[in-house]
Amino acid sequence: MIFGVDQVESSGPLLDGGRVALLTSITGRSSRNESTISVLQRLCNLTCLLAPEHGVRGDRGPGVGMEDSVDPATGLPVYSLYTKDSKHLSQRVLDTFDILVYDIQDVGLRFYTFISSLYNVMQDCAASGKRLVVLDRPNPLGGVKVEGGLLQRQFRSFVGCCEIPVRYGLSIGEFAGMVNSRENLGCDLQIVPCTGWHRESFPHWGRIWQMPSMALATYQQTLLYAGTCLFEGTALSEGRGTSAPFRIIGGPEVDGERISGAFNRLELPGVAATPVYFNPTCSKHCGTLCGGLMLHVTDEQSLQPVRLGVELLDLFQRLYPDQSRFLPPADPEKRPFISLLTGCGDFAPGWDKEEILARYAAESRAFAAEKKDYHLYQEDTP
């Protein structure tokens, strides 16, 4: 499999004629494991770097704002796209480049903020007449399965930038092309495609797993994150501060044997649970003994991680309502985080699991049909 960055040298004059800015992260590497920063330094006039959440080098924690800085490895200025006040390109930064290149490994989930950064710079480049070159990468969760309900427009945020399902089944280039078309952004968008991808998931790529962030150290964590990210909107620990974030879920006074046994009796496809006890070293319940469960993927093909998240949340709120309550908004004038993660207002006291899952199924089927108009890569057929 060859990534977009591997083909940029042979893709014509896309980077000719001006100063180039690169929006990237630690996952911006070629199939030969060379940094995209180094690749572009050889090929064009790379004048600055743009930093998303977690930073250009992946050295910032989740939700940690950043100021402008200098990259110690290259001496290039780094302009932050993840500050408290703004996540867009300022005019001052726009004036420093002529062409913007985007190369980040996405995880294929709506609430992962790298696509929000892409969406924002698409708007900024369209408004300023700048070219945007996306070095495409395949979706690690595959390009076929779609799961979850569509984000409702009134719940747009930086963890939900547009009306797509949680698991949307597009490469980052396909996502950009769809948004540019659907929202009539008018962005001068150029996509350098990858080759050898037939919409299969990461285990079939034959490549190393490069952590997109520290909490997603393995592919299995990323697959489960599609559903267990919901617990970031609750008082339960989602496993941050343990060795297995998003596989370990629990909290104080939770009986690991009880919750794991109840979960296994649900007989959800492709997943099993074992009891666990843990003491988080950071984040929620830091330094407090917690009980819960650890999730294990037994069959990726049958697994429905978004459904899993909803079912597990319902189970916790039936067995441990106090420990699993929804967190209030950080600001009384803002929406609860659970509403931003789910992209809807349905998750409130008295929510109905069956109604939500039925809506999810209908909306994901409709989106799966719609997104095919934007596919750049075809699925292998027998």
Side-chain angles (χ1 to χ4, degrees), residues 18-29 35-41 44-107 111-128 130-135 156-161 172 187 210-216 232 240-241 245 281-284 286 329-331 333-335 337 340-341:
R19 303 159 297 168
V20 175
L22 173 62
L23 171 51
T24 193
S25 78
I26 197 170
T27 57
R29 305 189 74 83
S35 164
T36 303
I37 297 172
S38 298
V39 172
L40 293 194
Q41 282 187 304
C44 64
N45 181 21
L46 181 64
T47 59
C48 65
L49 305 175
L50 305 176
E53 185 180 10
H54 304 294
V56 167
R57 302 289 179 178
D59 56 351
R60 304 299 176 95
V64 177
M66 296 170 287
E67 300 303 320
D68 296 345
S69 61
V70 174
D71 179 48
T74 62
L76 291 170
V78 179
Y79 300 114
S80 176
L81 291 178
Y82 198 75
T83 71
K84 179 180 179 181
D85 298 325
S86 177
K87 294 175 176 59
H88 280 269
L89 291 163
S90 68
Q91 188 59 53
R92 174 181 64 87
V93 176
L94 283 163
D95 289 341
T96 66
F97 68 85
D98 305 296
I99 302 164
L100 193 158
V101 177
Y102 179 100
D103 187 25
I104 301 177
Q105 178 61 66
D106 181 37
V107 301
F111 33 65
Y112 210 61
T113 63
F114 293 152
I115 63 167
S116 296
S117 290
L118 175 58
Y119 178 76
N120 285 355
V121 298
M122 288 177 67
Q123 293 177 311
D124 299 337
C125 286
S128 59
K130 308 279 186 180
R131 178 186 299 161
L132 174 60
V133 179
V134 173
L135 307 182
R156 279 193 176 196
S157 72
F158 202 61
V159 291
C161 63
I172 199 68
C187 178
Q210 176 73 34
M211 293 187 298
S213 60
M214 290 299 293
L216 299 180
E232 292 197 283
R240 291 189 188 274
T281 59
C282 65
S283 193
K284 298 177 195 167
C286 179
D331 184 328
E333 296 182 0
K334 295 184 178 179
R335 299 180 188 275
F337 196 44
L340 302 182
L341 289 171

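Positions are given from 1 along the sequence. For the numbers below, each heavy atom of this structure counts, side chains included, while hydrogens, waters and symmetry mates do not.
Glu53 places a side-chain N or O within 3.5 Å of a backbone atom of Gly63 that can act as its donor or acceptor partner. Within the 3.5 Å criterion, the main-chain N or O of Gln210 finds no donor-acceptor partner in the side chain of Thr27. Checking side-chain atoms of Thr113 against main-chain N and O of Val159 turns up no donor-acceptor pair under 3.5 Å.
Remark: Thr96 pairs with Cys48, Tyr79, Val93 by the side chain to side chain contact (heavy atoms under 4.5 Å, CB included) rule, at least two apart or across chains.
Closest non-hydrogen pair, Asn120 versus Lys87, comes out as ND2-O, 3.1 Å. Nearest heavy-atom pair across Arg240 and Ser283 is CB-CB, 3.7 Å. In terms of heavy-atom proximity, Arg335 sits nearest to Leu340 at CB-CD2, 4.1 Å. Nearest heavy atoms, Phe111 versus Leu341: CD2-O, 3.7 Å. For the residue pair Thr83 and Met66, the shortest heavy atom distance occurs at CG2-O, 3.1 Å. The minimum heavy-atom distance between Ser117 and Pro52, with the atom names listed, is OG-CB, 4.0 Å.
Counting only heavy atoms from C-beta outward, the side chains of Val133 and Val20 never approach each other to under 4.5 Å. The closest side-chain heavy-atom distance from Leu89 to Leu100 is below 4.5 Å. The shortest distance between side-chain heavy atoms of Leu22 and Val56 does not fall below 4.5 Å. Val101 has its side chain out of reach of Thr36: every pair of non-hydrogen atoms, C-beta onward, lies at least 4.5 Å apart. His54 places a side-chain heavy atom less than 4.5 Å from the side chain of Pro62. Within the 4.5 Å cutoff, the side chain of Met211 has no heavy atoms near those of the Ile26 side chain. The shortest distance between side-chain heavy atoms of Tyr102 and Ile172 falls below 4.5 Å. Between Val121 and Lys130, every side-chain heavy-atom pair lies at or beyond the 4.5 Å cut-off.
Residue Arg19 is tested with Asn45, Asp98, Thr47 for a side chain to side chain donor-acceptor pair (under 3.5 Å); the sole match is Asp98.
Note that the SG atom of Cys125 and the CZ atom of Phe97 stand 5.0 Å from one another [nearest 0.5 Å]. The distance from the CG atom of Leu76 to the CG atom of Asp71 is 6.5 Å, given to the nearest 0.5 Å. Taking OG from Ser38 and CZ from Arg29, the interatomic distance works out to 7.5 Å, rounded to the nearest 0.5 Å. Taking CG of Leu81 as the reference point, atom CG of Leu49 lies at 11.0 Å (rounded to 0.5 Å).
Applying the side-chain hydrogen bond (donor to acceptor under 3.5 Å, both in side chains) definition to pairs two or more places apart or across chains, those involving residues 61-70 are Asp68-Arg92.
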Trace of the side-chain contact (heavy atoms from CB on, under 4.5 Å) decision for Leu118 with Val134:
CA-CA 9 Å; Leu118 175 58; Val134 173; 4.2 Å; yes
